[in-house]
2 protein chains.
Amino acid sequence: MKMPESSSEKVVSFSKVKVACQECSLKEICLPVGVHVSDIEKLDRIIKRKKPLARAEHLYRAGDKFHALFAVRSGSLKTYVTTEEGAEQITGFHLAGELIGLDAIADSVHPVAAKALETTSVCEIPYESLDALSCKVPGLRQQLLRIMSREIRDDEQNMLMLGQKTAEEKLAGFLISMSSRYRQRGFSPYEFNITMSRGDIGNFLGLALETVSRLFGRFQTDGLISVERKHIQILGHNKLSMLAEAGCVHKNALEK
Amino acid sequence: MKMPESSSEKVVSFSKVKVACQECSLKEICLPVGVHVSDIEKLDRIIKRKKPLARAEHLYRAGDKFHALFAVRSGSLKTYVTTEEGAEQITGFHLAGELIGLDAIADSVHPVAAKALETTSVCEIPYESLDALSCKVPGLRQQLLRIMSREIRDDEQNMLMLGQKTAEEKLAGFLISMSSRYRQRGFSPYEFNITMSRGDIGNFLGLALETVSRLFGRFQTDGLISVERKHIQILGHNKLSMLAEAGCVHKNALEK
DNA sequence: CGATGACTTGACTGCTGTCAACGTGCGTGG
DNA sequence: CCACGCACGTTGACAGCAGTCAAGTCATCG
């Protein structure tokens with residue numbers, strides 16, 4: 001417990017402050033995008049580095065009072081809503097560089113819970129301070145709006161996915177989406193480890209976990225992917241993309 | 001064409017400027033919420049009132065350059081994405097007081113199209129001006145963030161709806177949602193006219209239009225609603241709510 | 001009054017959920 | 001080191017919800 005590197009209780013130990021936004025490998029996709037170097041320091045000053053979350057630990061729960069946004073520094077989380085009956089619907093998986101908690105600004109209460117899928121560390125960004133700072137730093141304000149806008153746009157895409165697509169198209173779309181998200185983060189888009197279970201994927205896509213399992217099998221037989229537990233290789237990226245985009249042809253042609 | 005009231009090309013004719021935000025019945029749910037009276041004037045000055053759109057007319061199309069947000073003043077619109085194959089997925093229906101175009105901020109391009117479902121008038125809010133003003137008016141900046149946050153939260157709810165629910169639950173949820181949105185706007189939550197077609201509803205909910213039609217019939221037989229073409233009466237609001245919330249009990253219990 | 005589009009209703013099919021049994025990998029404790 | 005338990009994942013059988021196709025009705029408008 002003397003070593004500041006380990007899971008110390010002190011969140012502002014010197015060794016952690018060193019990993020400031022400027023040095024962070026995620027500054028290209030995170031909040032600092034479009035913010036001047038001099039201003040990043042100001043941002044840095046309001047950000048708190050928290051000790052890492054263990055797998056299955058909650059960052060916040062549905063109903064918690066909102067006071068800060070969180071940027072995923074490493075690891076991954078899922079966010080989910082729980083119905084009165086206790087069933088959960090996953091609303092998203094969140095990788096390094098992503099900002100979560102944006103849905104809580106409206107009512108100052110978190111409408112969803114966030115749970116770590118693996119050992120995960122996050123940066124805490126107190127909303128009050130961010131709001132104050134965003135007023136002085138135009139680039140920061142714009143980036144925050146861009147991030148929220150992107151979130152809305154992506155959610156619209158997800159609605160399309162959930163509403164119109166077949167199980168096959170959904171899973172293909174999911175894989176392509178994960179692939180490109182890993183690419184953005186500098187990892188191989190053709191080989192990666194997913195951190196969520198089959199059940200999580202199914203829940204997110206609106207499919208039974210058995211269906212996910214079956215489709216993984218079929219995609220593998222068809223030579224589109226190679227899958228061994230959590231390890232995924234994308235072999236037929238093009239075909240998968242086509243599968244994902246496909247569908248929707250059958251549906252009502254509404255054009256008036 | 002001489003009458004400034006009618007569909008004049010001049011968007012800043014005196015008669016229209018009179019209907020400023022202060023006098024607008026929507027100021028309680030629109031952008032001015034939380035903005036001081038003195039500041040609303042500033043907001044007013046950047047807002048342009050456009051001539052009304054006719055039914056089926058586009059406000060913007062997918063791929064259009066983004067330059068302004070729009071607030072629905074009266075009437076209603078649908079927003080939708082179109083796939084390469086030409087099929088469309090409706091991403092939302094938008095009533096008076098709602099802000100649309102928020103999903104376009106990220107890339108300065110509209111990812112969806114917006115089309116009037118009936119005669120509809122909107123206020124145009126140039127984004128550049130809004131951004132500049134929001135920097136000076138804290139209440140405005142916060143309200144914009146609140147609105148975007150709410151949009152994200154609502155989209156998450158829609159994902160739950162599309163992913164987990166049965167056709168019956170989806171349609172019940174849709175009706176309850178429309179009901180409460182009309183209530184918010186001062187209309188009866190128990191009797192209203194929907195402005196979209198069965199096909200639109202089905203498309204939005206991820207159902208075939210025939211299924212929507214059948215369910216309307218069944219809900220009517222069960223005494224939950226009374227429906228005649230576009231006119232809807234909610235007779236069993238409680239039962240409908242329960243139907244909408246139900247479901248999801250069967251799904252995977254993921255709790256670790 | 002006919003044409004057009006919106007809606008309804010019926011018959012049939014198939015995708016995907018459910019239930020159930022079994023296999024696999026990993027951590028724990030003897 | 002091995003045996004066990006547990007969570008996770010796979011596979012099979014079956015059934016039902018909702019999509020598709022098709023025909024027919026109804027409302028609106030030129």
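Since this is a predicted model, take the numbers as computed values, not measurements. The sequence lines fix the lettering, A, B, ..., with proteins before strands; numbering per chain opens at 1.
For A:Ala208, taking side-chain heavy atoms from C-beta onward, the closest of the listed nucleotides C:dG17, C:dT16, D:dA18 is C:dG17. With D:dC8, D:dT11, C:dC7 as the candidates, the nucleotide lying closest to the side chain of A:Ser213 is D:dT11. Comparing C:dT9, C:dT16, D:dA18 against the side chain of B:Glu210 picks out C:dT9 as the nearest.
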Nucleotide N/O to protein N/O under 3.5 Å, stretch nucleotides 13-15 of chain D:
none

Check: protein-nucleotides 24-30 of chain D nitrogen or oxygen pairs below 3.5 Å:
none

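For A:Glu210, the salt bridge (Lys or Arg N to Asp or Glu O under 4.0 Å) test picks out no residue, with sequence neighbours left out. Taking the ring-ring contact (aromatic ring centres under 6.0 Å, His included) definition, one finds that A:Phe70 meets it with A:Tyr60, sequence neighbours left out. A:Arg181 pairs by the salt bridge (Lys or Arg N to Asp or Glu O under 4.0 Å) definition with A:Glu98, not counting sequence neighbours. Looking at residues two or more places apart in sequence or on another chain, you find a side-chain hydrogen bond (donor to acceptor under 3.5 Å, both in side chains) between B:Arg218 and B:Glu168. Scored by the side-chain hydrogen bond (donor to acceptor under 3.5 Å, both in side chains) test, B:Arg214 finds no partners at all (sequence neighbours excluded). For A:Ser179, there are no side-chain hydrogen bond (donor to acceptor under 3.5 Å, both in side chains) partners at least two apart in sequence or on another chain. With sequence neighbours left out, B:Phe187 forms a ring-ring contact (aromatic ring centres under 6.0 Å, His included) with no residue at all. Every residue two or more places apart in sequence or in another chain that forms a side-chain hydrogen bond (donor to acceptor under 3.5 Å, both in side chains) with A:Ser74 is listed here: A:Ser121.
Taken over five-pair windows at either terminus, the axes of the helix from C:dC1-D:dG30 to C:dG30-D:dC1 are inclined to one another by 30° (rounded to 10 degrees).
Counting only residues at least two apart or on different chains, the ring-ring contact (aromatic ring centres under 6.0 Å, His included) pairs with a member in residues 200-235 of chain B are B:Phe93-B:Phe204.
Nearest-nucleotide assignment on DNA chain C puts the 5′-proximal partner with B:Val212, out of B:Val212 and A:Ala167.
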